[in-house]
Amino acid sequence: MHYWLMKSEPDVFGIDDLAKMTRRTTGWDGVRNYQARNYMREMARGDQAFFYHSNCAEPGIAGIVEITRTAYPDPTAFDRKDPHYDPGSTPEKPRWFMVDVTLVRRLRRVITLSELKNKAEKELDGLALLRRGNRLSVLPVSTRQWRYILSLE
DNA sequence: GCCAACGTTGGC
DNA sequence: GCCAACGTTGGC
């Protein structure tokens, strides 16, 4: 059992959008970064992830999702008309992968990035999200960090 | 293999 | 909209 953090822009796809999906489940497609891809391939069924709202007025953790399908080829990479199309990825030799996530619950309130930053020196020392210049859209969270962040709720 | 140019991310 | 900090690309 591992914990993760997955970023999404609420203007594009936020936690309210996930809540409206059939079975509150969506495929996490469009990831085009090797390290983020590798993290997704490490995910197991039942792993949980924070649903993080990025690039918005109040960046922060909005909810919890569960991995309900492990990594499989991301078909948007094969679609010439898709903005994430990558001619280097083919069905025979896929380069990009995605997982399915299911909403577990919204947090009672958004735990903001600025709050997390306030804890960066102590309780959240080493949190990948807070490391300088980190732009990965999929990140690991330790069990200790996970529990501590939830205690802020 | 080096590295400049370019594109992207994402907080502010 | 700005811009720092990346990652990627491609000429050499």
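Below, chain A is the first sequence line, B the second, and so on; all start at residue 1.
Shown here are the ring-ring contact (aromatic ring centres under 6.0 Å, His included) partners of A:Phe78, two or more places apart in sequence or in another chain: there are none.
Here the P atom of nucleotide C:dG7 and the CG atom of A:Asn38 are 13 Å apart, to the nearest Å. Rounded to a whole Å, the CG atom of A:Leu129 is 14 Å from the P atom of C:dC6. Going from atom OH of A:Tyr34 over to atom P of B:dT9 covers 15 Å, rounded to whole Å. The interatomic distance linking A:Leu136 (CG) with B:dT9 (P) rounds to 12 Å, in whole Å. Rounded to a whole Å, the CG atom of A:Leu139 is 12 Å from the C1' atom of B:dT9. Rounded to an integer number of Å, the gap from CD of A:Gln35 to C1' of C:dC6 is 11 Å. If you measure from atom CG of A:Asp86 to atom P of C:dG7, you get 18 Å, rounded to the nearest angstrom. Straight-line distance from the CZ atom of A:Arg131 to the P atom of C:dG7: 12 Å, rounded to whole Å.
A:Lys117 has a side-chain polar atom (N or O) that falls below the 4.0 Å cut-off from OP1 or OP2 of B:dC12. For B:dT9, neither phosphate oxygen OP1 nor OP2 lies less than 4.0 angstrom from any side-chain nitrogen or oxygen of A:Lys7.
Evaluated for a side chain to side chain contact (heavy atoms under 4.5 Å, CB included) with A:Tyr52, the options A:Val110, A:Leu113, A:Ile15 yield exactly one hit, A:Leu113. When each of A:Phe97, A:Phe51, A:Phe13 is tested with A:Trp28 by the rule ring-ring contact (aromatic ring centres under 6.0 Å, His included), just one qualifies, namely A:Phe51.
Within the 4.5 Å cutoff, the side chain of A:Phe50 has no heavy atoms near those of the A:Tyr3 side chain. Side-chain atoms of A:Val138 and A:Asn33, non-hydrogen and from C-beta on, never get closer than 4.5 Å to each other. Between A:Val31 and A:Asp74, every side-chain heavy-atom pair lies at or beyond the 4.5 Å cut-off.
Applying a 4.0 Å cut-off to non-hydrogen atoms, the residues of residues 47-59 of chain A that approach DNA chain B are A:Tyr52, A:Ser54, A:Asn55, A:Pro59, listed by residue number.
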